[in-house]
S.K.: 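If you scroll down you'll find the structure; I have some questions about it.
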Amino acid sequence: MGPKLTGGEFIVILTGAGISAESGLGTFRDKDGLWTRYDLAEVATPEGFARNPALVHEFYNARRANSREARPNPAHEALARLRRDWPGDVLIVTQNVDDLHERTEPAPPGGDGPSGLIHMHGRLEGALCAACGHRWPAPARMAPADPCPACAAAATRPDIVWFGEIPYHMDEIWFALRQADLFVSIGTSGTVYPAAAFAQDAGRAGAWCLEINAEASAVAEDFDAVLIGPASRKVPEWVEGLLAALSHPPG
Ligand code: OAD
């Protein structure tokens, strides 16, 4: 399925909560999803944080604990294999704030995340000072009175992009979408922008676009093909097919 490949193609992959669902981390908008149980305006906006920082910290402390208990599933593992074995470049842009992608790869020296992985909505494992912008590794539990290690202000927040804020690394992402030969979206409902427009952006610039999701997303018509099913099965199948096509090019 899809275009004829030589191996030199640049693959950009967008992931969302659906890729971590089978690791036991809840999605946002499915039945029993986080946004059916919590008020998004109270826990995922700067205004909600200003009103009740303790509540917001509790919400993300709980999610951090869940994320630390979770393990990568075969979909994360398959993408790590693709990044290892695909001869061309592979960039993963994730909307997820868990660290399941990086836990499939050996940590690079220097304590940074692996290159080729962008957390556009931030990370549960990051703390950010709202006063001076300093960033440091998040402890298991954060609280409003925690002082910033750099400026001592009690303005600690999770390093998460909230509604009304601008996602991280957008220039780099848009540049990559314009260069991409293949764009693949995995486990995202296609309801939150700018990520929901990535298939349109990449497609207009010439990429072949594939969606892999449990159901057709809100933007499924922007893709050249849609694979419906659980990420833990569909992503390994897709990666296997891609790598097999390289080792056995069609006659
Ligand atoms: P959603 O909860 O909106 O969508 C998850 C998608 O994954 C749905 O389309 C499901 O059908 C699909 N899905 C569920 N289980 C799956 C499985 N096992 N395999 C494959 N697909 C599955 O989550 P996102 O699209 O990631 O932002 O949400 C986007 C953003 O909205 C999040 O990053 C977060 C949220 O509010 C912020 O908090 C800023």
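In listed order, ligands and their atoms are each counted from 1. All heavy atoms count here, side chains included; hydrogens, waters and symmetry mates do not.
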S.K.: For ligand 1, note which part of Val161 has a heavy atom under 4.0 Å away: side chain, backbone, both or neither.
M.R.: backbone
S.K.: Please determine if Trp35 has a nitrogen or oxygen closer than 3.5 Å to a nitrogen or oxygen of ligand 1.
M.R.: yes
S.K.: Under a plain distance cut-off of 3.5 Å, with no hydrogens placed, do Ser232 and Glu22 share a side-chain donor-acceptor pair?
M.R.: yes
S.K.: Heavy-atom distances under 4.0 Å decide this one: backbone, side chain, both or neither, for Phe163 against ligand 1?
M.R.: side chain
S.K.: Counting both backbone and side chain atoms, is some N or O of Ala21 under 3.5 Å from an N or O of ligand 1?
M.R.: no
S.K.: Show me which atoms of ligand 1 lie under 4.0 Å from any heavy atom of Asp30.
M.R.: 10 (C), 11 (O), 14 (C)
S.K.: Can you find an N or O of Val192 that's nearer than 3.5 Å to an N or O of ligand 1?
M.R.: no
S.K.: What part of Ala44, side chain, backbone, both or neither, has a heavy atom within less than 4.0 angstrom of ligand 1?
M.R.: neither
S.K.: Heavy-atom distances under 4.0 Å decide this one: backbone, side chain, both or neither, for Glu22 against ligand 1?
M.R.: side chain
S.K.: Any side-chain donor-acceptor pair under 3.5 Å between Thr15 and Thr94?
M.R.: yes
S.K.: Under 4.0 Å, heavy-atom basis, I'd like to know which part of Arg29 is in contact with ligand 1: side chain, backbone, both or neither.
M.R.: both
S.K.: Can you check which of Gly187, Gly16, Pro230, Ala195 brings a heavy atom nearest to atom 5 (C) of ligand 1?
M.R.: Gly187
S.K.: Return yes or no for this condition: an N or O of Thr188 is under 3.5 Å from an N or O of ligand 1.
M.R.: yes
S.K.: Quick one: does Asp89's side chain have a donor or acceptor within less than 3.5 Å of a partner on Phe10's backbone?
M.R.: no
S.K.: Looking at His119, Arg68, Arg64, which one forms a side-chain hydrogen bond (donor to acceptor under 3.5 Å, both in side chains) with Glu125?
M.R.: Arg68
S.K.: Which pair of heavy atoms, one from Ser20 and one from Asn96, lies closest together, and at what distance?
M.R.: OG-ND2, 3.6 Å
S.K.: Find out whether the Lys NZ or Arg CZ of Arg157 is both under 6.0 angstrom from the six-membered ring centre of Trp162 and within 45° of the ring's axis.
M.R.: yes
S.K.: Between Ala231 and ligand 1, is there a nitrogen or oxygen pair with a distance under 3.5 Å?
M.R.: yes
S.K.: Below 6.0 angstrom between ring centroids: does that apply to Phe49 and His57?
M.R.: yes
S.K.: Between Glu211 and Ser217, is there a donor-acceptor pair closer than 3.5 Å when you use the side chain of the first and the backbone of the second?
M.R.: yes
